[in-house]
Novice: 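Here you go, one structure.
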Amino acid sequence: MMKNLLLLSGIIFTLISCSIQTKAQNGKPGKEGVSTNSKIPFNQKLADSLGADQYGMKGYTIVMLTTGTAKIEDKAKKAELMKGHMENIGKLAKEGKITVAGPFLEKNQRDYRGMFIFNTKSKEEAESWVKTDPAVAAGIFNYEIFAWYGSAALPLYLKHHDEIAKENP
């Protein structure tokens, strides 16, 4: 259990560090809408479009996918569900609902399998979105939901992802 807490703490620390680094680079807005970092002008229009607060931050919802209770032995059925899982992630990302999604690369005591960061403060809304995942609906994955506060600029990386990916999973 301690190893899982350390893993989760490490993930959250990394995400918060990214947010703090972004804040440190951009600075807090000063008077008249000028950033306190004189090298980077404050962009009110961008801040508003991203839903940023005065610190360039906003609320999100993290969903930790865990190993579910379903034991699906039929490899074709499981492959179909996982294909639907990936398609659903792509759909939710295109709709601006998922900001970050990805699997964990190693096993852990909490059975965390992957993580979503949803672009909403509402746990109920995030839960309604995660329930559209066929692998969740089939019981391959269960989930835990957490409120999180991070950089409002986080969704901006998605528009560049396709530029750096040679293949889609």
Novice: Of the non-hydrogen atoms in I89 and A101, which two are nearest, and what is the gap between them?
Specialist: CG2-CB, 3.8 Å
Novice: Can you tell whether the side chains of E144 and R110 come within less than 4.0 Å, N to carboxylate O?
Specialist: yes
Novice: Who pairs with F116 by ring pair (Phe, Tyr, Trp, His ring centres under 6.0 Å), at least two apart in sequence or on another chain?
Specialist: F118
Novice: Between atom OG1 of T66 and atom CE of M115, what is the distance when rounded to the nearest 0.5 Å?
Specialist: 14.5 Å
Novice: Test of understanding: clusters of I, L, V, M, F, W, Y form through side-chain heavy atoms closer than 4.5 Å, transitively. Do L50 and F42 belong to the same one?
Specialist: no
Novice: Which pairs of donor and acceptor atoms, one on a side chain in residues 128-141, lie under 3.5 Å apart (sequence neighbours left out)?
Specialist:
{"unit_1": "S128", "atom_1": "OG", "unit_2": "E125", "atom_2": "O", "d": "2.7"}
{"unit_1": "T132", "atom_1": "OG1", "unit_2": "N88", "atom_2": "OD1", "d": "3.2"}
{"unit_1": "T132", "atom_1": "OG1", "unit_2": "N88", "atom_2": "ND2", "d": "3.1"}
{"unit_1": "T132", "atom_1": "OG1", "unit_2": "W129", "atom_2": "O", "d": "2.6"}
{"unit_1": "D133", "atom_1": "OD1", "unit_2": "H85", "atom_2": "ND1", "d": "3.2"}
{"unit_1": "D133", "atom_1": "OD1", "unit_2": "A135", "atom_2": "N", "d": "2.8"}
{"unit_1": "D133", "atom_1": "OD1", "unit_2": "V136", "atom_2": "N", "d": "3.4"}
{"unit_1": "D133", "atom_1": "OD2", "unit_2": "H85", "atom_2": "ND1", "d": "2.5"}

Novice: Working note: D53 + K58, criterion side-chain contact (heavy atoms from CB on, under 4.5 Å); need CA distance, chi angles, decisive distance, verdict.
Specialist: CA-CA 6 Å; D53 64 14; K58 67 182 246 177; over 6 Å; no
Novice: Would you sort out whether I98 and N119 count as a side-chain contact (heavy atoms from CB on, under 4.5 Å), showing the intermediate values?
Specialist: CA-CA 6 Å; I98 283 184; N119 196 5; over 6 Å; no
Novice: side-chain contact (heavy atoms from CB on, under 4.5 Å) for E73 and K71? Distances and angles first, verdict last.
Specialist: CA-CA 6 Å; E73 302 297 328; K71 303 294 181 220; 4.2 Å; yes
Novice: Whether the side chain of Y55 engages the backbone of S151 through a donor-acceptor N/O pair (distance < 3.5 Å, no angle test) should be reported.
Specialist: no
Novice: Group every Ile, Leu, Val, Met, Phe, Trp and Tyr by side-chain heavy-atom contacts under 4.5 Å, then state whether F146 and Y60 land in the same group.
Specialist: yes
Novice: Apply the test side-chain contact (heavy atoms from CB on, under 4.5 Å) to residues W148 and T61: give CA-CA distance (whole Å), side-chain angles for both, the deciding distance (0.1 Å), then the verdict.
Specialist: CA-CA 6 Å; W148 184 65; T61 303; over 6 Å; no
Novice: Are I62 and V100 grouped together when hydrophobic residues (ILVMFWY) are joined by side-chain heavy atoms under 4.5 angstrom apart?
Specialist: yes
Novice: Between K91 and E95, is a salt bridge (charged side-chain N to carboxylate O under 4.0 Å, His left out) present by the stated rule, with each step listed?
Specialist: CA-CA 6 Å; K91 176 183 167 285; E95 293 171 354; 3.2 Å; yes
Novice: Would you say that L65 contacts N142 through its side chain, given a criterion of any heavy-atom pair below 4.5 Å between the two side chains?
Specialist: no
